[in-house]
Amino acid sequence: MRPFEFQRAASESEAIAAAAAGARYLAGGTTLVDLMREEVETPEKIVDINRLPLNYIRATDEAIVIGALARMSEVAANQDVRRLQPLIPETLTEGASPQLRNVASIGGNLLQRVRCPYFRMLDAACNKRVPGSGCSAIDGLNAGHAILGSSEHCVATHPSDLAVSLVALGATLSLKGPRGERTIPVEELFRLPESTPHLEHTLEPGELIVEVHVPNGPYARKARYLKVRDRSSYEFALVSAAAALHVENGIIKEVRIAAGGVGTRPWRMNAVEQALVGKPAARASYEIAAAVSTEETRPLSHNGFKVKLLPATIVRALEMAGDVA
Amino acid sequence: MSRREALQATAGAVAFAALPLPAQAADSAATPVPPTQTLPLEVTVNGRVHQLAVDPRLSVLDMLRERLSLTGTKKGCNQGACGACTVLIDGQRVNACLALAVMHDGAKITTIEGVAEGETLHPLQVAFIEHDAFQCGYCTSGQIMSGLGCISEGHASSAEEISYWMSGNICRCGAYPGIVAAVAQAAKEDRT
Ligand SMILES: Cc1cc2nc3c(=O)[nH]c(=O)nc-3n(C[C@H](O)[C@H](O)[C@H](O)COP(=O)(O)OP(=O)(O)OC[C@H]3O[C@@H](n4cnc5c(N)ncnc54)[C@H](O)[C@@H]3O)c2cc1C
Ligand code: SF4
Ligand code: FES
Ligand code: FES
């Protein structure tokens with residue numbers, strides 16, 4: 001690991017000032033410390049934000065509000081979250097391991113970096129690590145890579161499970177930076193790789209994620225997360241789907257679907273949603289609608305299976321959501 | 001690329017690639033660079049208070065092993081993927097390899113060396129012996145620390161639940177049936 005200067009922030013303003021001057025935020029460290037040890041990340045300054053009072057979970061009639069430093073395990077075990085937003089605990093518990101979830105924060109989870117093996121291999125070309133060096137995955141081992149949103153410069157998937165469900169639920173982020181506060185939809189946090197895969201998110205320099213707002217939409221209680229992977233726990237998704245349904249008299253009034261493991265960012269399935277509104281909440285409608293999900297897919301040499309797995313996963317997730325009483 | 005490098009390169013993509021290998025600092029391949037800073041740190045480990053001055057790069061794992069000579073906690077992958085380094089920090093199971101010591105100033109840490117009461121083994125340690133829950137033993141201290149967390153969290157009520165909630169601990173020898181049985185037994189004793 002390269003040497004760095006370490007600072008503990010006692011207040012948000014202190015943290016933001018340090019980050020605006022070039023320091024990296026350190027929350028649980030489960031992404032950052034790992035990548036620093038590999039020297040994939042080489043920040044010269046670190047600002048530890050763990051003592052900021054951002055470890056809270058609040059429930060109101062309209063939304064669940066989660067502080068950026070709440071840990072994955074705390075959020076998953078919270079009774080209000082379990083009651084009002086059951087998709088979130090299910091999604092969190094499907095990710096990482098119990099040890100990691102005890103430490104990993106919600107803010108850090110959204111900003112975790114890709115799991116493309118070449119990103120971590122210092123002697124492999126990788127545009128995300130070294131802009132302009134090329135992409136080793138395009139002609140390399142790419143079974144785990146993206147079929148949506150990829151470019152000729154990068155084909156890595158966004159690895160967060162939580163982000164998929166937050167995108168489906170229409171969650172927003174409160175941000176604080178050197179230039180003040182703002183709110184953005186979680187979906188707008190993530191950039192497509194295009195020709196600049198080293199730029200992954202839309203935060204401004206020094207901007208801190210303060211909290212996540214998850215609206216208690218009418219679909220929030222009838223929602224499930226399905227994660228398909230090579231083994232049944234402690235593994236990243238090959239394909240995952242979050243599905244949330246609002247059904248009245250057997251007819252779909254509103255539906256939210258997002259997929260993971262397939263896109264260079266968490267992928268909201270707008271076209272599938274549109275094809276479902278007004279249709280009976282039944283497998284036949286799910287199958288017709290899910291077929292639309294593959295329209296813009298661009299498989300690589302080893303990940304063609306995802307084109308079949310994606311609609312199948314969506315159909316199953318919708319069935320699971322439909323079965324929630 | 002060495003076998004270790006190959007494993008480490010893929011470990012980020014597939015956690016199972018990062019299995020316990022002979023302990024060796026992953027950092028040792030790089031030329032050592034002197035720290036730019038040394039920070040004071042106070043930690044309580046197994047009830048004993050330690051005051052140290054540390055390089056901010058020092059992990060909790062290396063602090064325990066190299067500075068405090070508590071080598072019961074093992075280094076497998078050094079990447080958060082295998083669980084061999086599991087300890088309890090303020091009562092919660094965590095991967096000591098991904099925690100910087102400076103993040104835990106003032107913390108109370110329990111390692112495998114602090115689990116028994118003198119010569120009397122903890123019921124989970126007894127259960128590991130009774131169920132033959134290890135072969136080479138490399139993952140065992142991490143399994144036991146994780147098992148303690150699993151039981152205190154209330155995630156040990158059935159074999160299926162234990163398997164799921166112990167999945168952050170890889171056993172290369174495949175002693176899983178014994179591990180699950182040992183955790184189940186200790187959890188049952190804990191409830192009675
Ligand atoms: C072996 C392994 C398996 C895993 N499996 C999964 C999985 O299956 N699913 C899954 O979703 N995740 C998985 N993860 C990833 C894990 O969930 C993330 O590493 C974790 O959530 C990151 O949170 P953290 O608090 O540790 O972040 P850190 O490592 O502290 O930070 C990550 C990044 O976010 C920035 N940051 C942190 N907090 C803020 C903030 N409040 N504002 C602005 N920037 C901030 C940091 O500067 C850094 O760039 C796995 C990780 C490992 C090591
Ligand atoms: S897919 Fe992206 S992260 Fe992977 S090698 Fe290509 S540029 Fe790097
Ligand atoms: S040494 Fe493998 S998880 Fe820490
Ligand atoms: S790795 Fe040998 S006993 Fe688990």
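Note on naming: letters A, B, ... go to the chains in the order of the sequence lines (proteins, then strands), and numbering restarts at 1 for each one. Just so you know, these numbers use all the heavy atoms, side chains as well, and skip hydrogens, waters and symmetry mates.
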Exercise: identify the closest heavy-atom pair between [X] and [Y]:
X	Y	value
B:Tyr164	A:Thr93	OH-O, 2.8 Å
B:Gln79	A:Arg120	NE2-NH2, 3.1 Å
A:Arg37	B:Ser59	NH2-CB, 3.5 Å

Using modelled atom types only, decide if a donor and an acceptor are shared between the side chain of [X] and the backbone of [Y] within a distance under 3.5 Å.
X	Y	result
A:Gln99	B:Gly83	no
A:Arg8	B:Val102	yes
A:Asn102	B:Val94	no
A:Tyr234	B:Met166	no

key: Closest-packed option against chain B by number of heavy-atom pairs under 4.5 Å, given A:Pro98, A:Ser73, A:Ser97, A:Ala124   =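 Going by pairs under 4.5 Å, I would pick A:Pro98.
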Interatomic distance, B:Thr38 atom OG1 to A:Phe6 atom CZ [nearest 0.5 angstrom] =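 B:Thr38 atom OG1 to A:Phe6 atom CZ measures 13.5 Å (nearest 0.5 Å).
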inquiry  = Can you tell me how far apart CG (B:Leu98) and CE (A:Met36) are? Round to the nearest 0.5 Å.
reply    =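 Separation between the atoms: 11.5 Å.
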What part of [X] is in contact with chain A, defined as an atom under 4.5 angstrom from a non-hydrogen atom: side chain, backbone, both or neither?
X	answer
B:Cys150	neither
B:Gln92	both
B:Asp105	both
B:Ser167	both

By a 4.5 Å heavy-atom criterion (distance strictly below it), what part of [X] contacts chain B: side chain, backbone, both, or neither?
X	answer
A:Glu44	neither
A:Ala104	neither
A:Leu26	side chain
A:Asp48	side chain
A:Arg101	side chain

Does a sphere of radius 6.0 Å around [atom1] in [X] hold more than 12 heavy atoms from other residues, nucleotides or ligands, not counting ones at 6.0 Å or beyond?
X	atom1	answer
A:Arg229	CZ	yes
B:Arg48	CZ	no
B:Glu130	CD	yes

inquiry  = Quick one, B:Leu100 with A:Val33, criterion side chain to side chain contact (heavy atoms under 4.5 Å, CB included). Give me CA distance, side-chain angles, the key distance, then yes/no.
reply    = CA-CA 8 Å; B:Leu100 295 179; A:Val33 172; 3.8 Å; yes
